[in-house]
Amino acid sequence: MLLIDLARTSSAVASDSARLAKIAHLAELLGRVGPDEAEIAVAYLSGELPQRQIGVGWRTLQDLPDPRQVATATLTQIDSFLQRIKAQTGAGSQAARRALLDELFGVATRQEQSFLQRLLTGELRQGALDGVMIEAIAKASGAPSAEVRRALTLRGWLPAVGAAALRGGVEELRAFKLEVGRPVAPMLAQSAPTVTAALEKIGGAAAVEWKLDGVRVQAHRSGDRVSVFTRTLDDITGQVPELVEAVLTLPSNDLVLDGEVLALRPDGRPEPFQITSGRVASRTDVEVQRKAVPLSVFFFDALRADGADLLDLPDEERHAALAAAVPAELLTPRLVTADAEDGEAFFAEALRRGHEGVVVKSPQTPYAAGRRGAGWIKVKPRHTLDLVVLAAEWGSGRRRGWLSNLHLGALDPETGGFVMLGKTFKGLTDELLTWQTEQFLRLATGPADDWVVTVKPELVVEIAFDGVQRSSRYPGGMALRFARVLRYRPDKRAEEADTVATVRAIMPQS
DNA sequence: TTCCGACAGTGGGGTCGCAAT
DNA sequence: ATTGCGACCCCACTATCGGAA
């Protein structure tokens, strides 16, 4: 199959806003692709590469060679290029990669170049990723979408599932099993403002568990072999020896466990996320690192224990199996209750001990891998500050033409100036985007066509955020974590905004 | 007819490893 | 030694579609 066929389908998908129309376009193409190229087609049209990543980003794709006039490139040919690019590592590799990239884009027409560029930068933006592709695979293969979804749960990689469905239909999909050593897409949580609200949503008794601020891990054990995977299914076994050792001490030798790894201080309180994150990401001198920043692991779910797959069992049964397989000191603290007051007290205790919040879980829900199901609901506390808009950046995609991303500052009473604490684009409705764009252009102190439009620091905006973290990027040495807009404060003047000292008081000391 | 679940898009800060400078 | 880039850790929120109620 030719790349231009995919590029055209992608354009058609992008131009129809109806999901059923997108699905029809994708299914039509999947019906035409041969078995050798099915995996590539599914990958490209859901915005992924068979190679996962190849070390090429937006910066590398700034300057492209002239496009070709006639489209001749096949999927197999493109795939071969990407394999060779990924294989280029070591000194001098950048020049070699550049040459291969030029060659690759040199065989592409203008439309194909655009498609490849967006594919390689992970910004396909056609309004269809895994969710829509699952339906398209179902439609093209004749298999029920629930079967496609289930196979994806167990295999964790949609291109492989799509190729199997197109090849062998529902029978081949049913052949996918949970395999120890191969990761499963982890279940995700929705959120609620309070434990009481979360309990109401679930209705009746629920499990309330501490939410630890670390890195999500899925640990597999088969015999004496342990593998550890992250949320995006990357293998980090070598980076977390403490976790490997902990799993090897367990009596069962056939396990798949879901949990969180984090660095604790000697007093048992958690280190800031940055410390845990840095430790987990380190691949060099791990034995030295573990002495300085030891990791602890806490499990909260079991997908397999003692030779039995548990994915389809309700939460309470999976947890019973977990508790039987893992000693109490490796379990995430958990309280089963229907009482909102008890739940809120448990939440408060988690916070008192320095943790992030809680996750409220329905006892009846099976493990909905890869989905943000209503079975898990996270609850975290929320800080707010009134900050001043210092500048705004022009948006992209559906936000093109709007000033979107706000630069936020706190008041420095000593100088009367403002100290930038970060940016946010979250929480804005289309109406608010329209309004603020007008305001910023009115207040602009520099050219309005610059990427960043600086404005007179007059508008006060109420910002919600999860916490304050250390920053080497911003002048105050602090940055907001997960900042989002709640509302503008036309009733407040910039001189009445919150101060740097207020922000500093929120940051954990040490 | 209205409601609501699921999805995609739009970006945020921080850290590490690697190649180039 | 420093810098820039890519990848990935954590992520919140709104708009939209289409099936459920």
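Note on naming: letters A, B, ... go to the chains in the order of the sequence lines (proteins, then strands), and numbering restarts at 1 for each one.
- Within the structure, salt bridge (Lys or Arg N to Asp or Glu O under 4.0 Å) pairs that include any residue of residues 429-438 of chain A comprise A/Arg398-A/Asp430 (at least two apart or interchain).
- DNA chain C lies under 4.0 Å from at least one heavy atom of each of the following residues of residues 472-483 of chain A: A/Arg481, A/Phe482.
- The side chain to side chain contact (heavy atoms under 4.5 Å, CB included) test applied to A/Leu443 returns A/Val455, A/Lys456, A/Glu458, A/Leu459, not counting sequence neighbours.
- For the segment residues 47-55 of chain A, residues with any heavy atom less than 4.0 angstrom from an atom of DNA chain C are, sorted by number, A/Gln53, A/Ile54, A/Gly55.
- A/Arg59 has a side-chain polar atom (N or O) that falls below the 4.0 Å cut-off from OP1 or OP2 of C/dC5.
- In this model, the phosphate group of B/dG11 is not approached by any side-chain N or O of A/Arg125 to a distance below 4.0 Å at OP1 or OP2.
- For residues 288-297 of chain A, proximity to DNA chain B is found at no residue, defined as any non-hydrogen atom under 4.0 angstrom from a strand atom.
- Contact check, A/Gln469 against B/dG13: no side-chain N or O comes under 4.0 Å of OP1 or OP2.
- Less than 6.0 angstrom separates the ring centroid of A/Tyr488 from the ring centroid of A/Trp435.
- Between A/Thr89 and B/dA19, a side-chain N or O to OP1/OP2 separation shorter than 4.0 Å is absent.
- A sub-4.0 Å separation between OP1 or OP2 of C/dA7 and a side-chain N or O of A/Thr232 is absent.
- Atoms CZ (A/Arg283) and C1' (B/dT15) sit 11 Å apart, rounded to a whole Å.
- One finds no side-chain N or O of A/Lys22 lying less than 4.0 angstrom from the OP1 or OP2 phosphate oxygen of B/dC7.
- Not one side-chain nitrogen or oxygen of A/Thr276 sits closer than 4.0 Å to the OP1 or OP2 atom of C/dC9.
- Taking only side-chain nitrogens and oxygens, A/Lys378 comes nearer than 4.0 Å to OP1 or OP2 of C/dA12.
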Nucleotide by nucleotide, 5' to 3', does protein get under 4.0 Å of the base (B), only the sugar-phosphate (S), or neither (-) in nucleotides 14-21 of chain C, counting heavy atoms? SSBBS---
